[in-house]
J.: 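Structure provided below as structure tokens; questions to follow.
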Amino acid sequence: MENILPDHRSYIAGDWVTGVDTIAVENPADESRLAEIPATPLPEIERAIREARRAFDSGVWADTPAEDRAAVLRALLSHLETMREPLVATMIGEAGQPQMFADRSQFLSGLAMARGMIDLYLSLSHEEPNPVPVGELIRGRVALSLRRHEPVGVVAAITPYNAAFIMALQKLVPALMAGNSVILRPSPLTPISSLVFGAAAEAAGLPRGVLSIVVESGSAGAELLTTHPAVDMVSFTGSTAVGRHIMAQAAPTLKRVALELGGKSAQIYLDDAVGKVATGAAAVIGGTAGQACVAATRMLVPREHKDEILELVSRTYAGLVVGAPADPSTTIGPLISAAQRQRCEEIVERAVDKGATLVQGGGRPSGFPRGYYFEPTVLDVPDNGNPAAQEEIFGPILSVLGYRDIDDAVRIANDSRYGLSGQVYGSDPAAATAVARRLRTGAVNVNTALFSAYAPSGGYKQSGLGRERGPDGIRAFQEVKHLVIGELR
């Protein structure tokens, strides 16, 4: 793979660290070994925690004026910007993402989002008057009541494989902008594009100890981060099962936990919008091969239009280009691993056993002797109890379900243990928005979509706790302190 990032060492509190054990990073497009990454020794992960604690308690970063922190982080982002070509090549190589997605949806959108988070932080008030009735102030001889937003402390940021670069930015920038110290632990499947943050931090002059990046093949380091008493908060994006485990690990020390977890989102087409299904269907799996927690993999359509929609969606999926991620014409790249491909095969088999009909795809495409490719797949699903409609699959599999009326569509959409995202399409925006308001999910796109520093994301139910991006995403990395100030009598 050309242009792969050259430095694979961990970055521990300002030092470059190697180790004896290695992690083999695989290229999912051809199953070749992309790189050998030295794993961070466990004592070095513990040192990262200690140094993050020292840096935070010293105030070397937390007490720096916000405008000065912003200048350092903007310099960090500018350094990343100079590495566009090797970074994009790395994302393509380690995650199998098509070139356009890696370049535009991760690199360019990620940097734009990060800069927006800095601007958003600076626009917010972090110490403000706390409204208290005047009568209470007089009786209590209180001169002033203030609400102050302060950094949480030491943050462990644990990111997934499917969008490693942008997910790292989504956690690092608001956490650092708020004055916290951060230890980043990327997925061992895609660690290379996260290790670059060490060089960027060094180039920008981030104080020692404020940021560390650790890599590992197992979970011992992650468990240390989620249990160590010197860590104040864990921010995790990944599966619901792992999220539950992290909550249990964090419980004895009562760490703050922010979790963006699994999803099984629905896209609802009102009767007057069924002509838009082809675009919506392609967007579900484009770029990530369906490996996205927000992917709306349940398509809900009026029953009377279901047959024609199945035909239209199947033609759309048959026309998608499965191929090498570096080829600009590729629409769908490989899945991340053999295990993920096997999961897709198994879910299709189980779905059909429970009454679904395989309309398009369903297996490995021809012409790819190597690589973890899976065909864009359409299932005609008879009811929402089918495994394909209830389980998060993380693959290019779309379940199409029919609904009787709007109440039935809302019932089906909400019949899930997840609640991360959703979509509603309708020619009358007011009518579509009325449906969106009834969905029990953290975000709903009505006839459009928005990814922005100013737009929060996060889940209801088992899709997680807390929010990322937006004002709520910044407040997630802050504590609230109340100051009551009066005259000494």
Side-chain angles (χ1 to χ4, degrees), residues 1 4-5 7-10 19 21-40 45 86-98 101-102 105-107 110 156-171 183-198 213-223 225 235-243 245-246 260-262 287-293 295 324-326 332-344 370-374 392-396:
M1 182 76 188
I4 201 75
L5 296 173
D7 200 332
H8 299 153
R9 293 175 295 171
S10 303
D21 297 328
T22 59
I23 301 169
V25 180
E26 190 177 28
N27 184 335
D30 59 13
E31 304 177 42
S32 65
R33 183 161 295 185
L34 187 67
E36 292 278 351
I37 307 296
T40 310
I45 298 178
L87 255 174
V88 170
T90 297
M91 292 179 220
I92 293 170
E94 67 179 357
Q97 293 167 347
F101 180 86
S105 299
Q106 274 225 74
F107 184 81
I158 304 175
T159 52
Y161 72 80
N162 58 322
F165 180 73
I166 201 168
M167 291 293 182
L169 285 169
Q170 193 163 270
K171 296 180 188 297
I183 303 154
L184 173 64
R185 190 269 193 189
S187 166
L189 295 172
T190 56
I192 307 172
S193 58
S194 294
L195 288 171
V196 70
F197 286 98
I213 300 103
V214 305
V215 294
E216 62 171 344
S217 59
S219 60
E223 184 170 353
L225 291 170
S235 178
F236 169 76
T237 299
S239 73
T240 296
V242 176
H245 194 53
I246 285 174
E260 184 171 300
L261 306 177
T288 64
Q291 297 171 108
C293 53
I332 303 292
L335 297 171
I336 191 65
S337 66
Q340 194 58 35
R341 182 178 60 189
Q342 182 178 353
R343 172 165 173 73
C344 289
R370 301 186 68 81
Y372 305 123
Y373 294 93
F374 195 81
E392 184 180 45
I393 303 170
F394 246 54

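Remember, predicted model here, so these are calculated numbers, not experimental data.
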J.: Quick one: does any side-chain atom of Gln340 pair with a main-chain N or O of Ile393 as donor and acceptor, under 3.5 Å?
T.: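 Yes, the answer is positive, given that a donor and an acceptor are paired below the 3.5 Å cut-off.
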
J.: What I'd like to find out is whether the side chain of Pro28 reaches to under 4.5 Å of the side chain of Leu335, using heavy atoms alone.
T.: no

J.: To the nearest 0.5 Å, how far apart are CG in Asn27 and OG in Ser32?
T.: 4.5 Å

J.: How long is the span from the CZ atom in Phe374 to the CD atom in Gln342, to the nearest 0.5 Å?
T.: 11.5 Å

J.: Using the side chain to side chain contact (heavy atoms under 4.5 Å, CB included) definition, which of the options Leu34, Ile336, Leu5 pairs with Glu94?
T.: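 It is Leu34; the other options fail the test.
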
J.: Rounded to the nearest 0.5 Å, how far does CD1 of Ile158 lie from CZ of Phe236?
T.: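 So the gap between those two atoms works out to 6.5 Å.
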
J.: Tell me whether the rings of Phe107 and Phe165 are parallel (<30°), tilted (30 to 60°) or perpendicular (>60°).
T.: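 Parallel.
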
J.: So, for Val214 and Ser10, which heavy atoms are closest and what is the spacing to 0.1 Å?
T.: CA-OG, 4.4 Å

J.: In the structure I gave you, are the side-chain heavy atoms of Thr288 and Phe394 within less than 4.5 Å of one another anywhere?
T.: no

J.: Identify the two heavy atoms, one from Glu36 and one from His8, that lie closest to each other, and give their separation to 0.1 Å.
T.: O-ND1, 3.8 Å

J.: As an exercise, state the distance from CD of Gln291 to SG of Cys344, rounded to the nearest 0.5 Å.
T.: 7.5 Å

J.: Return yes if a side-chain donor-acceptor contact under 3.5 Å exists between Gln106 and Gln97, otherwise no.
T.: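 Judged by distance alone, the side chains do pair up.
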
J.: Do Thr159 and Thr237 have side chains that approach each other closer than 4.5 Å (heavy atoms only, starting at C-beta)?
T.: no

J.: Nearest heavy-atom pair of Thr190 and Pro160: which atoms, and what distance?
T.: OG1-O, 4.1 Å

J.: Restricting to non-hydrogen atoms, name the atom on Pro186 and the atom on Val215 that form the minimum distance, rounded to 0.1 Å.
T.: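 In terms of heavy atoms, the two residues are closest at CG-CG1, 4.0 Å.
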
J.: Is there side-chain contact between Pro334 and Pro325, with heavy atoms separated by less than 4.5 Å?
T.: yes

J.: What distance separates Arg185 CZ from Ser219 OG, expressed to the nearest 0.5 Å?
T.: 7.5 Å

J.: Applying the side chain to side chain contact (heavy atoms under 4.5 Å, CB included) criterion to Ile192, which one of Asp7, Ile37, Leu87 satisfies it?
T.: Ile37

J.: How many angstroms lie between OG1 in Thr90 and CG in Leu195, if you round to the nearest 0.5 Å?
T.: 10.0 Å

J.: Between Tyr373 and Arg341, what is the shortest heavy-atom contact and its length?
T.: O-CD, 3.3 Å

J.: Looking only at non-hydrogen atoms, find the nearest pair between Pro98 and Gly333 and report the distance.
T.: CG-N, 4.0 Å

